[in-house]
Amino acid sequence: MNTCPENIIQYMDDYLDGDINAADEAVLKAHLESCIDCRKQYHELTKTIAFVQSASHIQAPADFVQKTMQRLPKQSQRGGVQRWLRKNPILTAAALFCILMSAALFTNFNNDQQFAFTKQENLVVEGETVVVPEGEVVTGDITVRNGDIRVEGELRGDVTIVNGKYMASSGVITGEIEEIDRAFEWLWYQIKSGVKEAASIFGGSEDTEE
Amino acid sequence: MDALVNKRIKKVLKGDQNAFAEIVELYQHQLYQICYRMLNNKHEAEDIAQEAFMRAYVNLHTFDQQRKFSTWLYRIATNLCIDRIRKKKPDYHLDAEVRGTEGLDMYSSIANDDQLPEEELMRMEVQERVQYEISRLPDKYRAAIVLKYIEELPLAEISEILDLPLGTVKTRIHRGREALRKQLSNL
């Protein structure tokens with residue numbers, strides 16, 4: 001073998017790879033005819049390849065697919081939700097709208113823990129109680145949040161109390177008194193006043209048309 | 001074939017896990033075969049082939065559908081096999097003392113350079129012997145030989161699977177082939 005040209009091995013490999021040009025192939029063939037050692041090596045290599053290729057093709061076990069599927073990670077809840085959202089864009093938008101709206105309303109209600117009231121002339125504040133003093137006349141509606149109201153004088157207008165109390169007193173109120181204590185009622189009040197406003201706008205515009 | 005597979009892949013990506021079962025169905029035998037030839041152990045081959053499918057499923061969104069799915073899948077599997085072979089090597093020395101008690105599993109716990117006695121080799125069926133000799137090849141030659149001669153893949157694809165230049169793949173096949181020739185010379 002040592003006497004053989006080095007490129008013969010290279011040609012043999014190229015030939016077995018099916019990657020040899022005609023000129024090199026001719027050189028290889030001529031050499032194989034004259035050299036017993038190289039011929040022997042060539043035959044052994046082709047035999048080896050034949051043996052390896054004859055290794056019977058084995059099959060995966062019968063339950064392979066089933067077992068593989070069992071090993072897959074379960075589809076995550078998040079994935080499911082995301083898919084549902086993608087499939088139902090309109091419902092998603094509606095749901096999102098509802099969530100944001102109610103969130104806004106409730107935060108309004110819950111975070112609005114500060115005492116507040118509608119400013120009108122002649123009103124007196126004692127701690128967290130709004131007082132219409134005796135002998136005074138207050139004109140206009142009053143809304144009190146997170147506080148109480150006591151009327152000792154005269155109030156010409158409606159009273160709305162959110163998270164507070166109307167304390168019995170000797171005063172005169174010409175409008176309605178409304179106490180709102182719970183979130184639901186607050187919501188209802190918001191809707192009602194929204195509708196009233198809308199109605200008054202429509203009513204107003206009708207008026208101007210007339 | 002590729003169009004069919006890509007259709008399944010799109011379904012899986014949309015969340016249809018059952019479409020993946022069809023992909024497993026298509027490639028199970030080839031993938032199992034690669035693993036078995038690489039690892040020379042049925043239990044391990046099944047384990048690694050399943051693991052390869054599992055990883056393909058989890059990472060499916062990273063697969064470029066312009067490319068060949070089988071190449072990508074085989075690459076995952078051969079990498080897992082090579083990792084397993086490398087991790088296993090030190091275990092052999094621990095196993096060596098109890099080898100006689102392992103009975104049928106004995107072949108699987110034999111190290112590359114740890115040859116069976118001559119008479120045992122002579123008793124083997126040809127196919128069994130070939131399988132055994134393949135499993136004695138160094139892992140880098142083994143992968144190349146299995147892909148070339150058992151899966152009969154083109155060299156370009158093997159180079160992509162093994163992530164090696166074409167020249168390196170050729171060299172590994174040549175050396176693996178030469179090593180096998182010597183090992184099988186008495187057959």
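The analysis underlying the following values was restricted to heavy atoms, covering all of them including side chains, and did not include hydrogens, waters or symmetry mates. None of the values given here were measured: they were computed from a predicted structure. Here is how names work: the chains are called A, B, and so on, in the same order as the sequence lines, proteins then strands, and each is numbered from 1.
Within 6.0 Å of CG in A:L100 there are more than 12 heavy atoms belonging to other residues, nucleotides or ligands. Other residues, nucleotides and ligands place no more than 12 heavy atoms under 6.0 Å from the CZ atom of A:R156. Atom CZ of B:R67 sits in a sparse spot, with 12 or fewer heavy atoms from other residues, nucleotides or ligands closer than 6.0 Å.
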Check step by step if salt bridge (Lys or Arg N to Asp or Glu O under 4.0 Å) holds for A:K67 and B:D47.
CA-CA 10 Å; A:K67 277 191 180 168; B:D47 182 42; over 6 Å; no

Step-by-step side-chain contact (heavy atoms from CB on, under 4.5 Å) determination, B:E178 to A:L45
CA-CA 7 Å; B:E178 178 61 15; A:L45 277 173; 4.1 Å; yes

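A donor-acceptor pair is defined here as one N or O able to donate and one able to accept, closer than 3.5 Å; such a pair exists between the side chain of B:Q127 and the backbone of A:S54.
Atom CD1 in B:I134 sits 12.0 Å away from atom CZ in A:F51 (nearest 0.5 Å). Summarising the geometry, atom NE2 belonging to B:H29 is positioned 4.0 Å from atom CD belonging to A:Q59; distances are rounded to the nearest 0.5 Å. One finds the OG1 atom of A:T68 at 4.0 Å from the CD atom of B:Q50 (value rounded to the nearest 0.5 Å). For the atom pair A:K40 NZ and B:S185 OG, the distance stands at 7.0 Å (nearest 0.5 Å).
Of residues 69-78 of chain B, not one residue has a non-hydrogen atom less than 4.5 Å from any non-hydrogen atom of chain A. For residues 10-22 of chain A, heavy-atom neighbours of chain B at less than 4.5 Å comprise A:D13, A:L16, A:D17, A:D19, sorted by residue number.
Summarising the geometry of B:V130 relative to A:V52, their closest heavy-atom pair is CG1-CA, 3.8 Å, with the distance given to 0.1 Å. Contact record, B:V58 with A:P73: CG2-CG, 3.7 Å, taken as the closest heavy-atom pair.
Ion pairing of B:K182 with A:E44 is absent here, as no side-chain N (NZ or NE/NH1/NH2) approaches a carboxylate O to less than 4.0 Å.
Side chains of B:R177 and A:I49 form a contact here, defined as non-hydrogen atoms less than 4.5 Å apart. Contact of the B:I150 side chain with the A:Q53 side chain is not registered, since no non-hydrogen atoms from C-beta on lie closer than 4.5 Å. Side chains of B:Q17 and A:M69 form a contact here, defined as non-hydrogen atoms less than 4.5 Å apart.
For chain A, no part of B:A45 is nearby; none of its heavy atoms comes within less than 4.5 Å.
In terms of heavy-atom pairs under 4.5 Å with chain A, the best-connected choice from B:Q28, B:K42, B:E152 is B:Q28. Contact tally against chain A (heavy-atom pairs below 4.5 Å) for B:Q131, B:R37, B:E25: the top residue is B:R37.
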